[in-house]
Amino acid sequence: MKNILVTGGAGFIGSNFVRYLLRKYPQYNCIVYDKLTYAGNMDNLRDLGDDPRYFFVRGDISDREEVDKVMVDHSIDSIVNFAAESHVDRSIIDPDAFVQTDVVGTCVLLDAARKHSIERLHQVSTDEVYGSIEKGMFKEGDSLEPNSPYAASKAGAELLVRAYHETYGLNTVVTRGSNTFGPYQYPEKIASLFITNAIDDHPLPLYGDGTQVRDWLYVEDHCSGIDVVLHEGQAGQVYNLGGGNERTNIIVTKLILELMHKPESLIVSVQDRPGHDRRYALDCTLLHSLGWHPVHSFEDAFEKTVSWYRENEWWWRDIKSGAFKEYYQQQYGDRLRASAGVR
Ligand code: NAD
Ligand code: TYD
């Protein structure tokens, strides 16, 4: 493989993956194709600026003509699709963009992959497609029971990927990654939002009782897992990709405050997210059998992440001072007011 199209490469995981790929494979070209929505940010790729193996094309994955053009212009032979609307809370407010990008956009990429006979399309998916599990762990063959519009749109995308493999013999692979944290994460997800709020001594709005469980995965481990599946995965196969770090939200929140030497009084219990999944947990035996294991310990990786946000205020202050304020008000304004004085 030589010319890899990384859609959504200006987002959080995508930009980390581009850096990872260029570092590991000197013979690869990386073509980032990204619409630059609110979550896409050229600052995420700033340090790659003059690498001759890195190209940036602004475009929408649901635009057939633009996708076709980038495929031809850069002789693309593989696609890794990160492009998505990715935040559950936004999908509850307005699901439309999720269907358009996550479902229709993936379909357009699949058609382009067929048309240009590419070697492999890797769909970056999520453990949220399974829905919630009280006990035990999800295996790849389990049924998909998504509960949020985000999870449903990612499940829809995955089913199209499956159908293109079964019907047209397209060489596809899918990874279902768990909750990811690390540098360059748009400060709307719990880790990046709570760290940056804590730096400013602002409240940390914890949904409900905070006992929901997520399996945490450091972004470098997520990238290495995608790398292994992209290169070694079996065509048509889905792989769970989890960090093996199950933690409740309250534990994650307290860890952040402890690492930052901030008081627990910053935690504000707010109205829960509707349809809130209680627990995600992945059985990753299949991916382990390909030789992949996460190498970053949860606590060390969180410490590194906290340091990154502390040392890179230039990156997130800009974001938080723009349109983000409107979103924050809409998402948390009433919740925080209703919880005033409640701990
Ligand atoms: P992100 O929101 O940080 O980045 C998404 C990127 O996609 C942005 O750069 C955005 O501009 C781009 N994009 C959005 N719509 C587009 C379109 N129509 N055409 C082209 N580009 C478009 O997301 P992320 O957290 O980096 O997630 C990347 C992928 O990984 C997503 O597919 C997500 O479902 C999946 N995933 C994320 C997590 C997580 O914890 N963040 C976990 C598992 C899987
Ligand atoms: P999030 O980072 O949005 O990821 P996902 O919904 O994809 O798992 O949320 C992680 C957990 O943190 C989830 O259980 C919801 C909770 N959460 C809060 O309690 N407060 C918040 O402000 C956010 C954004 C999330």
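Note that this is a predicted model, so its numbers are computed, not measured. Order of appearance sets the numbers: ligands from 1, and atoms from 1 within every ligand.
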Winner among [options] once heavy atoms are compared against [atom]:
| atom | options | value |
| --- | --- | --- |
| atom 2 (O) of ligand 2 | Asp272, Ile190, Asp127 | Ile190 |
| atom 43 (C) of ligand 1 | Ala97, Gly182, Gly177 | Gly177 |
| atom 44 (C) of ligand 1 | Gly40, Ser153, Ser125, Ser192 | Ser125 |
| atom 26 (O) of ligand 1 | Ile13, Thr180, Val219, Asp60 | Ile13 |
| atom 36 (N) of ligand 1 | Phe82, Tyr38, Tyr150, Phe12 | Tyr150 |

Judged by atom type as modelled, is there a donor-acceptor pair below 3.5 Å linking the side chain of [X] to the main-chain atoms of [Y]?
| X | Y | answer |
| --- | --- | --- |
| Trp216 | Phe298 | no |
| Asn44 | Ala10 | yes |
| Arg335 | Gln271 | yes |
| Asp127 | Tyr280 | no |
| Asp68 | Arg64 | no |
| Tyr309 | Gly182 | yes |

N/O separation below 3.5 Å, [X] to ligand 2:
| X | answer |
| --- | --- |
| Trp216 | no |
| Ala191 | no |
| Asp89 | no |
| Arg273 | yes |
| Tyr332 | yes |

* Run the salt-bridge test on Arg317 and Asp200 with the 4.0 Å N-O cut-off and return the result as yes or no. =>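 The answer is yes: the pair qualifies as a salt bridge.
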* Asked: Can Lys35 and Glu66 be counted as an ion pair, charged N to O under 4.0 angstrom?
  ->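 No, Lys35 and Glu66 are not salt-bridged.
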What I want to know is whether [X] and ligand 1 share at least one N or O pair that is separated by under 3.5 angstrom.
| X | answer |
| --- | --- |
| Ile61 | yes |
| Thr126 | no |
| Lys35 | yes |
| Asp34 | yes |
| Lys189 | no |

* If you measure from CG on Leu110 to CZ on Arg114, what distance do you get to the nearest 0.5 Å? ->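 Going from the CG atom of Leu110 to the CZ atom of Arg114 covers 9.5 Å.
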Which heavy atom of the protein is the closest neighbour of [atom], given with residue, atom name and distance?
| atom | answer |
| --- | --- |
| atom 19 (O) of ligand 2 | Tyr207 N, 2.8 Å |
| atom 35 (C) of ligand 1 | Val124 CG1, 3.9 Å |
| atom 1 (P) of ligand 1 | Ser86 OG, 3.6 Å |
| atom 5 (P) of ligand 2 | Glu128 OE2, 3.4 Å |

* Contact atoms of ligand 2, heavy-atom distance to Leu193 under 4.0 Å ->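 The atoms of ligand 2 under 4.0 Å from a heavy atom of Leu193 are 22 (O).
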Can you tell which part of [X] has a heavy atom less than 4.0 Å from ligand 1: side chain, backbone, both or neither?
| X | result |
| --- | --- |
| Leu36 | backbone |
| Ser178 | backbone |
| Lys154 | side chain |

* **salt bridge (charged side-chain N to carboxylate O under 4.0 Å, His left out), paired with Glu246, selected from Arg278, Lys135, Arg279** =>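 When Arg278, Lys135, Arg279 are each tested with Glu246, the salt bridge (charged side-chain N to carboxylate O under 4.0 Å, His left out) holds only for Arg279.
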Would you mind telling me if ligand 2 is within reach of the side chain of [X], the backbone, both or neither, using heavy atoms under 4.0 Å?
| X | result |
| --- | --- |
| Val88 | side chain |
| Tyr150 | neither |
| Asn249 | side chain |
| Asp277 | neither |

* To do: From the options Phe12, Tyr33, Phe17, select the one residue that forms a ring-ring contact (aromatic ring centres under 6.0 Å, His included) with Phe82.
  =>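 One option only clears the test, and that one is Phe17.
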* **Check: His231 ring centroid to Tyr25 ring centroid under 6.0 Å** =>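 Centroid separation for His231 and Tyr25: below 6.0 Å.
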* To do: Flag yes if more than 12 heavy atoms outside Arg162 fall under 6.0 Å of its CZ atom; otherwise flag no.
  =>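 Result for CZ/Arg162: open.
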* Heavy-atom contact under 4.0 Å between His276 and ligand 2? ->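 Right, His276 reaches ligand 2.
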* Asked: Picking from Asp277, Asn240, Asp142, what satisfies side-chain hydrogen bond (donor to acceptor under 3.5 Å, both in side chains) with Tyr130?
  ->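 Going through Asp277, Asn240, Asp142 one by one, the side-chain hydrogen bond (donor to acceptor under 3.5 Å, both in side chains) with Tyr130 is satisfied by Asn240 alone.
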* Asked: Does ligand 1 have any atom that is closer than 4.0 Å to a heavy atom of Gly59?
  ->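 Per 4.0 Å heavy-atom rule, Gly59 contacts ligand 1.
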* Asked: Is the charged tip of Arg90 near the ring of Tyr38: under 6.0 Å from the six-membered ring centre and within 45° of its axis?
  ->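 Here Arg90 passes the 6.0 Å and 45° test against Tyr38.
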* Is there a side chain to side chain contact (heavy atoms under 4.5 Å, CB included) between Gln100 and Asp60 once you walk through the steps? -> CA-CA 10 Å; Gln100 181 62 23; Asp60 186 331; 5.8 Å; no
